[in-house]
Structure formats: structure tokens, C-alpha cells
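Scroll down for the structure; my scribbles are underneath it.
Chain identifiers are assigned alphabetically (A, B, ...) following the order of the sequence lines, protein sequences preceding nucleic acid strands; residue numbering begins at 1 within each chain.
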Amino acid sequence: MKTKYDPQTIEARWQTHWAEQGTFNVEDDPSQPKYYCLEMFPYPSGRIHMGHVRNYTIGDVLARFHRMRGFNVLHPMGWDAFGLPAENTAIEKGIHPAEWTQANIASMRDQLKRIGLSYDWTREIATCNPSYYRWNQWIFLKMYQRGLAYKKRSPVNWCESCETVLANEQVIDNRCWRCDSEVFPKEMDQWFFKITAYAEELLASCDTLTGWPQRVLSMQRHWIGKSDGVEVDFQVIDSPPELPSIRIFTTRPDTIFGATFMSVAPESPAVDLLVKGRKEEQAVHEFVTRISRQDRNTRTDASSAKEGLFTGCYARNPLTGDAIPIWVANFVLYEYGTGAIMAVPAHDQRDFEFAQQYGLPIRLVIQNPTCTLDQNNLNEAYTQEDGYLVNSDNFSTLPIKDGRTQIARWIEEKQHGTRTVHYRLRDWGVSRQRYWGTPIPMIICPTCGLVPVPEQDLPIILPPDVPFTGKRGSPLKNVAEFAHTTCPDCGNQATRESDTMDTFVDSSWYFLRYTSPHQTDLPIEPDASQRWMAVDQYIGGIEHAVLHLLYARFFTKVLRDLGLTTVSEPFTNLLTQGMVCKETYHCPKHGFILPSDATDTHHCTHCGNTISIGRIEKMSKSKNNVVDPEELIKRYGADTARLFSLFAAPPEKDLEWSDDGVEGAARFLNRVWRLVAEYVEILKTLDPSPVQNTVTEIPQTSRDLRRQVHHRIRKVTQDIKREFQFNTAISAIMELVNVLYAFGFPITDAIKNDSKTLGVMKEALDALVMLLSPFAPHIAEEMWDALGNDSHVLHSSWPQHDPALLQEEPLTIIIQINGKTRGKVEGIPPDWTEEQVVEKARKEPKMSSWLQGKTTRKVIYVEQRLVNFVV
RNA sequence: GCGAGAGUGGCGGAAUAGGCAGACGCGCAAGAUUUAGGAUCUUGUGGGGAACCGUGAGGGUUCGAGUCCCUCCUCUCGCACCA
């Protein structure tokens with residue numbers, strides 16, 4: 001073993017070795033419990049960033065840890081390889097998306113291998129390969145058969161100048177990100193997945209996801225947005241024949257007696273019918289046009305002003321029988337509920353503001369039991385759930401809850417409406433008018449209509465020769481040999497669907513594909529998914545808290561119903577890791593600048609202006625605060641990069657980058673290396689006595705050392721298992737190294753000549769290397785080898801602490817007076833009784849000044865911890 | 001506005017179940033080694049002269065509170081007119 005730690009050589013050696021031996025390839029071994037460890041697969045942008053390093057290192061620690069603990073570990077990696085950047089590159093640089101993507105995958109795969117991640121690369125998948133996306137098509141057809149995929153007209157973001165559809169994130173301030181022209185909503189035929197059919201199950205089974213962070217679950221629940229309520233018809237007075245009544249949705253049937261007007265969404269077709277031929281017609285039309293021109297963000301901003309206009313029509317409140325005016329209001333959403341509401345100004349803040357603004361009546365129907373409200377003198381709507389009904393006919397005096405159920409029942413009995421559940425969740429629009437995605441396997445036949453592609457004709461492969469212009473809509477539409485086909489039903493000329501699928505489809509089931517990545521007659525081999533699913537630990541960014549995770553849950557349930565898996569939820573445990581952040585340097589003239597462009601005195605090297613050291617922000621190119629993993633690894637090695645990113649913060653919290661901290665991690669590995677190197681030679685020549693059989697015969701100091709070692713074994717094991725506290729696990733390893741240095745570095749003659757102590761030291765060093773190995777695997781393998789052990793450290797068994805040894809640990813007992821710490825007694829044998837300990841504490845010299853001349857009223861003894869004298 | 005989370009040394013962060021606040025690391029200081037620097041090793045490092053005081057602020061429960069309860073402040077994230 002060399003005296004100098006040389007990470008580059010070591011890491012190259014072990015990475016080659018691992019690759020040659022196929023060390024991480026997993027064979028299904030039913031004799032072991034399975035552990036499926038998965039990190040969110042990356043988009044192959046070409047280069048990895050520190051966020052990837054952090055994400056994948058966290059997963060790698062868990063994978064390696066579980067392997068050593070005797071689990072059969074599945075730890076795969078792949079590529080989320082479809083998507084816009086490849087197509088944009090094709091438009092801008094003329095490189096084919098496939099070529100660009102494959103090149104990026106190749107270089108990123110190399111980078112990942114350079115981190116020493118324990119992936120089974122034989123299971124690698126790339127979603128842009130037909131062998132993968134054909135199964136997107138297969139699943140699509142199954143969903144179509146079951147009515148879970150359907151086509152309907154729906155608005156998209158349309159850029160007139162580029163003649164193309166834009167994703168939401170490509171619309172900046174209502175303008176096209178590439179050509180800066182205005183973006184309009186355009187109605188187009190689009191494919192949807194009926195995720196709403198699973199809304200109730202997706203919501204209900206949130207309760208079963210006990211291994212998920214609460215905030216992710218609450219975001220999911222909110223996104224699904226279930227509300228229980230009632231749909232009620234309000235008869236229109238002197239109605240046009242097409243519109244006898246207006247249906248509203250409310251979650252507060254208990255307040256219907258307080259409905260003093262109605263509000264309809266400007267987009268609602270009811271508006272036209274109401275105002276037709278009235279004197280209000282023109283003004284209302286102008287109002288509607290003006291509102292519909294506003295972009296969605298301004299429109300739905302809660303702080304923007306409420307506006308409305310009277311339609312001239314009245315409806316009858318079914319409970320009071322009163323005629324109430326019908327208004328058009330900008331804040332009523334056409335997409336939600338029925339696009340019309342009853343307005344209860346006394347008990348809804350929005351309606352209250354609206355009523356005040358336009359002088360509409362306010363009628364109190366819920367009374368606050370603790371502080372009587374006066375309907376002529378309200379400052380705001382009373383919306384609390386605590387109260388009883390008033391001014392509500394027979395229902396008056398009922399508590400809110402009872403009023404709600406009784407009025408709802410009454411409405412159903414009198415056939416004024418029905419109890420209904422509404423969800424905020426919309427069906428999932430999967431159509432993309434793009435090239436680089438999965439072609440939707442449908443055919444549009446002039447005589448038969450929409451016809452699914454027969455299963456045996458799959459996959460529908462993307463045509464390779466396509467002009468990429470960024471204009472004239474989907475590129476696939478313009479490829480004649482792709483678009484023109486024959487109808488499978490009638491054999492006549494037909495057109496192929498040119499939409500491709502949203503890339504979220506790809507990532508909604510890839511974790512299932514990993515269980516049988518080479519299966520050719522089904523997307524998933526049911527036995528393999530039975531063996532490996534669900535994912536025991538899923539790790540990724542919080543940015544996917546809603547969409548990806550919701551879609552993946554939805555797909556799992558659909559595939560379950562297709563008989564391809566038996567699990568209902570894909571991810572048992574979810575860890576959302578924090579962002580990697582770094583301080584920013586901001587020059588008033590040059591904006592965010594690189595740290596290297598700032599002088600020591602915080603001046604800009606370009607213009608001399610004083611630089612403000614900005615906030616700690618997520619690493620991004622635009623902030624000029626990124627650290628390139630490749631450079632980091634070149635300089636310090638992968639083990640240091642891994643160790644630092646695990647040590648600097650617990651996984652779920654943001655990690656603040658620190659160059660000094662990286663230096664510290666490197667220093668620590670050097671320190672371990674020197675320690676092991678010091679002992680390797682002597683251990684080779686002297687053949688130390690095995691420690692297990694000599695426990696009682698070893699010297700006290702060695703015995704103490706063993707206890708320290710076993711103490712850390714327990715700590716590290718607990719920290720990894722419980723809550724992924726890698727930072728504290730590493731600090732325990734650091735403590736262990738400090739203990740070993742204090743004990744025997746540099747090595748003394750006394751140690752050298754005592755084979756029993758050397759045996760203890762060997763045990764300690766082996767344990768140290770094993771404990772370190774999930775975090776810094778290359779250096780661990782190298783040292784494991786040098787210490788003369790067989791096989792790999794990865795194939796060794798994770799060390800177990802000896803509980804008997806820890807029980808011998810002498811105790812330190814804290815002495816308190818009236819609850820304040822005033823002293824301590826050390827070295828108390830763990831088997832002492834309460835009397836012995838209290839007596840010893842009382843006699844402690846420092847305590848006499850506290851206890852003298854005072855009566856001890858009470859003594860509180862906490863076993864193994866403290867004695868508290870209450871005087 | 002609503003929801004979730006967080007406020008601990010100069011810094012990143014520790015503190016099972018209410019029981020030594022500040023583990024570990026960074027930074028800093030001193031010493032050793034060295035021709036010197038770097039590297040390394042050792043020691044010290046919350047504040048205060050001290051008794052003592054210290055976990056965002058104030059109150060409470062308790063023998064004892066960073067931890068539990070109440071009120072408030074600040075920050076971060078998510079949602080944002082969802083009837």
C-alpha cells in the first residue's frame with residue numbers, strides 16, 4: 001500500500017474492476033430479501049451537475065448498505081431521453097435528435113461511472129429506443145380499449161409565427177420563447193388520459209403512503225382537490241327557452257338561504273343566452289371580450305380586482321323563492337364546477353367584496369355562537385365552521401353540519417339538484433405536436449373514424465428523415481411516408497395520428513420496466529414485477545412532487561388493472577433531496593459574476609465596482625455559481641465529492657456548497673489512508689490473534705478501544721437506517737478515526753509487540769473500512785484489499801456491534817441542583833444502584849457548597865443519566 | 001391570504017423518549033515538526049473579568065425545556081378567486 005493517497009489511480013482501478021466483474025449486476029436471488037433502490041432517471045442533457053451527484057450518491061449509499069446487509073438489491077439507471085431540447089438542437093444546429101441524444105447518453109454514462117455508482121448497467125433503458133417506446137404505444141392501446149384514452153377539443157398555446165404548439169414553460173409573459181411573438185390559445189383535437197377515473201383512489205391511497213414526506217402528500221391531495229357538495233338548479237325568471245335554469249355547484253348548501261345573487265363565468269355559453277336582445281347585451285359582450293383577452297395569470301390572481309356586470313336577468317332562489325339578479329363576474333372560473341355560482345356575500349369573502357362593490361344585498365344565514373353578528377354591519381364574510389343557521393326557515397337553529405346535510409337531502413328530495421363530488425384534477429393531456437416523442441398509435445380514417453393501430457403492427461417507429469424547421473406544426477405531419485397509411489378496418493387510405501406523447505408518459509412506468517428490461521412480448525414480465533415491486537426507496541427532487549409522482553401512481557394503478565403488476569402504489573418510501581446551492585457574486589455592472597472574477601477585496605476584476613456577495617442560491621448557469629462535478633472529481637476524486645455532498649447537510653435539506661468543506665472531506669480521506677497504511681505492513685508480517693476468542697484476555701486499553709469501535713458501528717448503522725442521517729453517520733466515522741489516532745498513531749512498539757492489541761486494531765480498521773465503504777467505495781475497496789481481506793468490501797457483511805461490550809461502558813452521571821447542571825461524576829459502573837449513585841453524587845467535593853446548610857426536599861434519579869437534588 | 005417547514009457559535013450543522021446545548025467538520029489561535037512555506041501531528045476555540053448568561057421574542061407546564069403548550073416575529077417552499 002502506497003503511503004500517499006492517490007484517488008485517481010485507485011478509482012480508475014476499481015471502476016475498471018467493477019465493470020469487468022459485473023459486480024453490480026443483480027441476479028434474482030429469492031433466498032435473500034429484495035431491496036429496490038431507485039433514483040429518478042435524468043434527462044440526457046449532456047453533462048451531469050452537482051444535483052445529479054447528490055441524488056445518485058444518496059441512492060448509492062443505500063444500495064451498497066443494503067447489499068452488505070444481505071439484501072438482493074436492484075439498483076438500475078436509465079435515460080429520460082425524449083423531449084424538447086433535442087428537437088430544439090435539431091432546429092438550431094441541424095443535428096438529428098437521435099444522434100444528439102445518443103451522444104449525450106454516452107458521455108453522461110461515462111460521467112456516472114466515474115462517480116463509482118453501483119448500477120446494474122445491463123438493465124439500462126433509454127425511453128427513445130423503440131424497444132421502450134413501443135410499450136408506451138401498447139399501454140396506450142390498452143387504455144384506449146378501456147376508455148382511459150380519448151380525444152377531445154382543448155386549447156393549446158399556439159404561436160402563429162412559428163406555427164407550433166408550445167408547452168406552458170415555453171410561454172414567457174404570454175410570448176413565444178423563441179420568436180417573442182404573442183401566444184394565443186387555440187382549440188385543437190388532443191389526446192387525454194382519464195386520470196380523473198382514478199381520482200378517488202389516488203386521493204384515498206395517499207393515506208397508505210406512510211413512507212412519503214408529508215408535504216409531498218399534501219401537495220398531491222391539494223392537486224387532486226376533492227370537494228363534496230351539491231349541484232343545484234336555479235330557475236331563470238322569464239327564461240329564454242334554451243336556458244330554463246342555471247346549475248351551480250356549492251360546498252355550502254347550508255348557506256343557500258343566503259344566496260342573494262348569482263355569478264356566471266364570462267366564458268359560459270349561458271351569458272349569450274341571458275343577454276340576447278336585452279339592453280345589457282352590448283355592454284356585457286364588451287365586458288366578456290375584455291376579460292377573455294386578459295392572460296390567465298392576471299385573470300386568476302386572487303389579488304386582482306373583482307369585476308362584474310348585471311345581465312338584466314333574475315333567477316329564483318329555490319329555498320327562499322326570492323328573485324335574485326344574475327351577474328357576470330371575472331372571478332368565476334368556467335373550468336371549475338359548473339361555471340356558475342350562487343353568491344352568498346355573508347359567508348363567502350369573494351361574494352362579500354363583490355356585493356359591497358356593487359351594492360348587492362347581504363343576508364346573514366349563519367350566526368356566530370360566540371359573538372353575535374349583525375348582517376347590516378359586517379366587515380367581512382363569516383366563513384368559520386362554527387355556528388348555527390338563522391333566517392333559514394325550518395332549518396334555522398341547526399348547527400352548520402346538520403344544516404348542510406339536511407338541506408342537501410331536501411334539495412335532492414325536491415329534485416332541485418344532486419349531491420356531487422368535484423375534483424380540481426383534470427384529465428391528463430398527452431398530445432404533443434412534436435417529433436421527439438412516442439408516436440400515438442392511432443389512425444384517422446375518413447370512413448371509420450379513429451382506428452387503433454393493431455397490436456401486431458407495433459412499434460410505430462419515428463421516421464428518421466425529417467426536416468426540422470420549427471415551423472408548420474408537427475414535423476411528423478409533413479412526412480408523407482409516415483402520415484399516409486391504410487385503415488386497418490376498411491383498407492382505404494387513411495392518415496396516421498401525428499401527435500406524439502408527453503414525456504411524462506415515459507417516466508410513468510420506467511421503474512416497472514427495470515424489473516424486466518429485456519422482455520420482448522410484454523412491457524413488464526409479471527413475475528419479475530412481482531419479485532421486485534414496489535420500489536423500496538425512491539429518491540429525487542421535490543420539483544416532481546406533483547406531476548411525475550402523480551402520473552406514476554396513476555400508471556401503476558392502470559397497469560395493475562391490466563394484470564401486469566400486483567402493487568397499487570409504486571414507491572413505498574420517498575426521499576426528496578434538497579437543492580445544491582452556492583453563494584452568488586453580483587456586480588452592479590456585469591450582473592452575476594464568477595467567484596474568480598472577484599478580487600479578495602470584493603471588487604469586480606472587469607470594472608472595479610464593489611461586488612455584493614449575494615444570497616445562497618440554487619446552482620445555475622445564469623447565476624454563475626455552478627461547480628462542475630467533472631472538475632471536482634479531477635481535482636479530488638469521486639470519493640471526496642461523494643463524501644462532501646453527504647456530509648455537508650442531511651439529504652432532504654438544501655446543501656450549501658463550500659470549497660473549504662470539500663477540502664475537509666479530502667483531508668479526512670487522507671487521514672484514514674495514512675492510518676491504514678501505517679498498520680498494513682505490520683499486520684501482514686505479524687498475523688494478529690483473532691479478536692473474538694480473546695475478549696476477556698486483552699488489556700484494558702484495548703478493551704476500551706473495542707468498545708469505542710462497537711459504539712460507532714451501532715451509531716453509523718442506526719443513522720443510515722433511521723432517517724438517512726448520512727451526515728451524522730460520517731461524523732461518527734470521523735470520531736472513530738480520531739479515537740484510533742489517539743490510540744495508536746503513529747504506531748508504538750508496545751502495540752507492535754502485542755498481537756492481541758494488534759488483533760483489536762485489525763478488527764477496528766476492518767470495521768472502519770466497512771463503515772466507510774458505502775460513502776467512499778473506491779478508497780474502501782483499496783484499503784480492504786491492502787488489509788489482506790478476501791473478496792470485496794461490498795461483498796463483506798456489514799459489521800454488527802456487540803451489545804455486551806456496550807453494556808460495560810462506564811457512565812457519566814450529571815448532578816443537578818434544582819434542575820441546573822452543577823457537576824458530574826464520571827466512571828460509574830453501569831450496574832450501580834440508585835442509592836450508590838446518589839451517595840456518590842452527594843459526596844462529590846464540588847457539590848458541598850451547593851448542598852451545605854440546605855434541606856434536600858427531593859432527589860430525582862434518572863437511570864444512567866443524572867441525579868437532581870431539589871433543595 | 002391558505003398550507004407545510006425552518007430559526008441553535010464566526011460558518012455548515014449535532015443533540016433517541018423532556019435529562020451534560022454546540023457532536024463532527026470548516027474557520028481561527030497556539031505549539032510540535034520543517035531551512036522556509038505547504039502538508040502533517042497535538043492542544044484550544046459559544047458569550048462574559050467573574051458569579052453567571054446563553055437555542056428568533058414573550059409567556060406557560062415541569063425538579064428539569066432547543067425539545068411540550070399558548071401568543072408573536074422572521075425566513076424558505078408550495079398553492080393561490082377551486083364556489
Side-chain angles (χ1 to χ4, degrees), chain A residues 4 213-219 221-223 225-227 229 248-252 255 263 265 297 299-306 329-333 335-344 347-351 353-354 422-425 542-543 545-546 578-579 615-616 643-644 647-650 652-665 667-668 670-671 674 715 718 722-723 725 727-738 741-742 745-746 812-824 857-871:
Chain A
K4 195 167 165 2
Q214 271 309 315
R215 61 178 184 145
V216 174
L217 288 175
S218 83
M219 281 160 82
R221 288 191 184 103
H222 180 260
W223 191 264
K226 180 181 184 176
S227 29
I248 60 100
F249 175 67
T250 180
T251 55
R252 293 293 305 270
T255 65
S263 302
N297 289 339
R299 180 67 198 282
T300 56
D301 183 356
S303 62
S304 72
K306 298 197 177 11
N330 67 341
F331 67 91
V332 180
L333 303 175
E335 317 83 69
Y336 187 80
T338 59
I341 59 165
M342 64 167 191
V344 185
H347 306 292
D348 182 289
Q349 189 58 27
R350 295 155 299 182
D351 297 340
E353 287 167 26
F354 196 83
H422 274 282
Y423 297 92
R424 213 181 75 104
L425 183 67
I542 187 74
E543 66 273 20
V546 179
M579 296 182 298
R615 295 151 49 102
I616 312 285
L643 194 73
F644 171 74
F647 179 64
E652 69 280 9
K653 283 180 76 176
D654 285 353
L655 183 155
E656 189 186 322
W657 195 264
S658 146
D659 293 335
D660 287 335
V662 176
E663 202 75 52
R667 201 178 302 161
F668 170 70
N670 271 295
R671 197 166 147 83
R674 280 192 300 275
K715 171 79 175 148
Q718 274 182 357
R722 211 189 63 212
E723 305 300 319
Q725 298 209 40
N727 55 333
T728 53
I730 292 168
S731 80
I733 300 173
M734 289 173 167
E735 282 176 347
L736 177 56
V737 172
N738 292 344
Y741 262 72
F745 187 90
T812 298
I813 303 288
I814 299 308
I815 311 170
Q816 294 185 335
I817 309 291
N818 292 340
K820 286 201 196 310
T821 304
R822 298 299 183 193
K824 57 183 168 185
R857 296 212 331 262
K858 200 170 161 191
V859 178
I860 290 154
Y861 173 70
V862 181
E863 210 175 331
Q864 309 211 329
R865 284 191 193 274
L866 63 80
V867 178
N868 183 12
F869 296 100
V870 184
V871 298

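Taking OH of A:Tyr861 as the start and CZ of A:Phe869 as the end, the distance is 11.5 Å to the nearest 0.5 Å. The distance from the CG atom of A:Asn868 to the CD1 atom of A:Ile815 is 11.0 Å, given to the nearest 0.5 Å. Taking CD of A:Gln725 as the start and CD of A:Gln718 as the end, the distance is 10.0 Å to the nearest 0.5 Å. Note that NZ of A:Lys226 and CG of A:Leu425 are 13.0 Å apart. Values are rounded to the nearest 0.5 Å. Separation of atoms CD1 (A:Ile248) and CD1 (A:Ile341) is listed at 8.5 Å; rounding is to 0.5 Å.
Listed pair A:Arg671 / B:U42 meets the phosphate criterion, a side-chain N or O lying under 4.0 Å from OP1 or OP2. Of the side-chain N and O atoms in A:Arg674, none sit less than 4.0 angstrom from OP1 or OP2 of B:A39. Residue A:Arg667 has no polar side-chain atom (N or O) positioned under 4.0 Å from OP1 or OP2 of B:G38. The side chain of A:Gln725 places an N or O atom within less than 4.0 Å of a non-bridging phosphate oxygen (OP1 or OP2) of B:A15. A close approach under 4.0 Å does occur between a side-chain nitrogen or oxygen of A:Asn738 and OP1 or OP2 of B:G25. Here A:Thr251 does not reach the OP1 or OP2 of B:C82: none of its side-chain N or O atoms lies under 4.0 Å away. An OP1 or OP2 oxygen of B:A14 is reached within less than 4.0 angstrom by a side-chain nitrogen or oxygen of A:Asn727.
Along RNA chain B, the nucleotide closest to A:Gln214 and the one closest to A:Ser227 are compared, and the more 5′ of them pairs with A:Gln214. Nearest-nucleotide positions on RNA chain B place A:Ile730 closer to the 5' end than the other of A:Arg424 and A:Ile730.
Looking at A:Lys715 and A:Thr728, their side chains come closer than 4.5 Å, going by heavy atoms from C-beta outward. A heavy-atom distance below 4.5 Å is not found between the side chains of A:Val344 and A:Arg252. A 4.5 Å side-chain heavy-atom check between A:Ile860 and A:Gln816 finds every atom pair outside the cut-off.
The separation between A:Phe354 atom CZ and B:A83 atom P is 18 Å, rounded to whole Å. Remark: P of B:U76 and CZ of A:Arg215 are 15 Å apart, rounded to the nearest angstrom. Rounded to whole Å, atom P of B:G3 lies 18 Å from atom CG of A:Leu217. Counting to the nearest Å, the C1' atom of B:A23 and the NZ atom of A:Lys715 are 8 Å from each other. Spacing between atom CZ of A:Arg350 and atom P of B:C81 amounts to 9 Å, rounded to whole angstrom units. For the pair A:Phe647 CZ and B:A23 P, the interatomic distance rounds to 12 Å; values are reported in whole Å. Between the NZ atom of A:Lys306 and the C1' atom of B:C82 there is a distance of 13 Å, rounded to whole Å. Atom P of nucleotide B:C2 and atom CZ of A:Arg221 are separated by 21 Å, given to the nearest angstrom.
Relative to the side chain of A:Thr728, the nucleotides B:G25, B:A15, B:A83 differ in distance, and B:A15 lies closest. With B:G78, B:A23, B:G13 as the candidates, the nucleotide lying closest to the side chain of A:Ser731 is B:A23. Picking from B:C20, B:A83, B:G12 the nucleotide with the shortest atom distance to the side chain of A:Ile814 gives B:C20. Nearest to the side chain of A:Val862, among B:C24, B:G19, B:C82, sits B:G19. Relative to the side chain of A:Tyr336, the nucleotides B:C79, B:G13, B:A83 differ in distance, and B:A83 lies closest. Of the candidates B:G78, B:A83, B:G12, B:G78 carries the atom nearest the A:Met219 side chain, counting heavy atoms from C-beta on.
Here, B:A29 and B:G46 have their C1' atoms 16 Å apart, quoted to the whole Å. One C1' atom belongs to B:G54, the other to B:G47, and the distance between them is 7 Å to the nearest Å. Comparing the C1' positions of B:U61 and B:U42 gives an interatomic distance of 47 Å, to the nearest angstrom. A gap of 13 Å separates the P atoms of B:C11 and B:G56, to the nearest Å. Rounded to a whole angstrom, the distance from the C1' atom of B:U74 to that of B:U8 is 15 Å. Look at the P atom in both B:A4 and B:C41: the space between them is 48 Å, to the nearest Å. Comparing the same atom, P, in B:G44 and in B:G37 gives a spacing of 24 Å after rounding to whole Å. For the C1' atom pair drawn from B:G48 and B:G1, the interatomic distance equals 45 Å after rounding to whole Å.
Ring geometry, A:Phe644 versus A:Trp657: the interplanar angle exceeds 60°, so the pair is classed perpendicular (tilted spans 30 to 60°).
Under a 3.5 Å cut-off, the side chain of A:Asn330 and the backbone N or O of A:Lys306 do not form any donor-acceptor pair.
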Would you tabulate the nitrogen or oxygen pairs shorter than 3.5 Å linking the protein to nucleotides 62-66 of chain B?
residue, atom, partner, partner atom, Å
B:C63, O2, A:Asn868, ND2, 2.1

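Screening A:Ile813, A:Val862, A:Ile814 for a side chain to side chain contact (heavy atoms under 4.5 Å, CB included) involving A:Val867 leaves a single residue, A:Ile813.
Nucleic acid contact class of A:Asp660 (heavy atoms, under 4.0 Å, all strands): sugar-phosphate only. Across all strands shown, A:Pro746 has no heavy atoms under 4.0 Å from either base or sugar-phosphate atoms. A:Val344 comes within contact range of no nucleotide atom at all, as no heavy-atom separation falls under 4.0 Å. Within the 4.0 angstrom heavy-atom criterion, no nucleotide atom of any strand lies near A:Ser658. Within the nucleic acid shown, A:Tyr741 comes within 4.0 Å of sugar-phosphate atoms alone, with no base atom in reach, counting heavy atoms only. A:Ser263 comes within 4.0 angstrom of no nucleic acid atom, judged by non-hydrogen atoms across all strands.
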Q) RNA chain B in dot-bracket, Watson-Crick or G-U pairs under 3.5 Å, [ ] crossing, | other strand? A) (((((((..(((......[....)))((((((.......))))))((....))..(((((..]....))))))))))))....
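In this structure, A:Phe354 has its ring center closer than 6.0 angstrom to the ring center of A:Phe331.
Applying the 90° criterion around 0 to the glycosidic angle, B:G9 comes out syn.
More than 12 heavy atoms of other residues, nucleotides or ligands sit less than 6.0 Å from atom CZ of A:Arg671.
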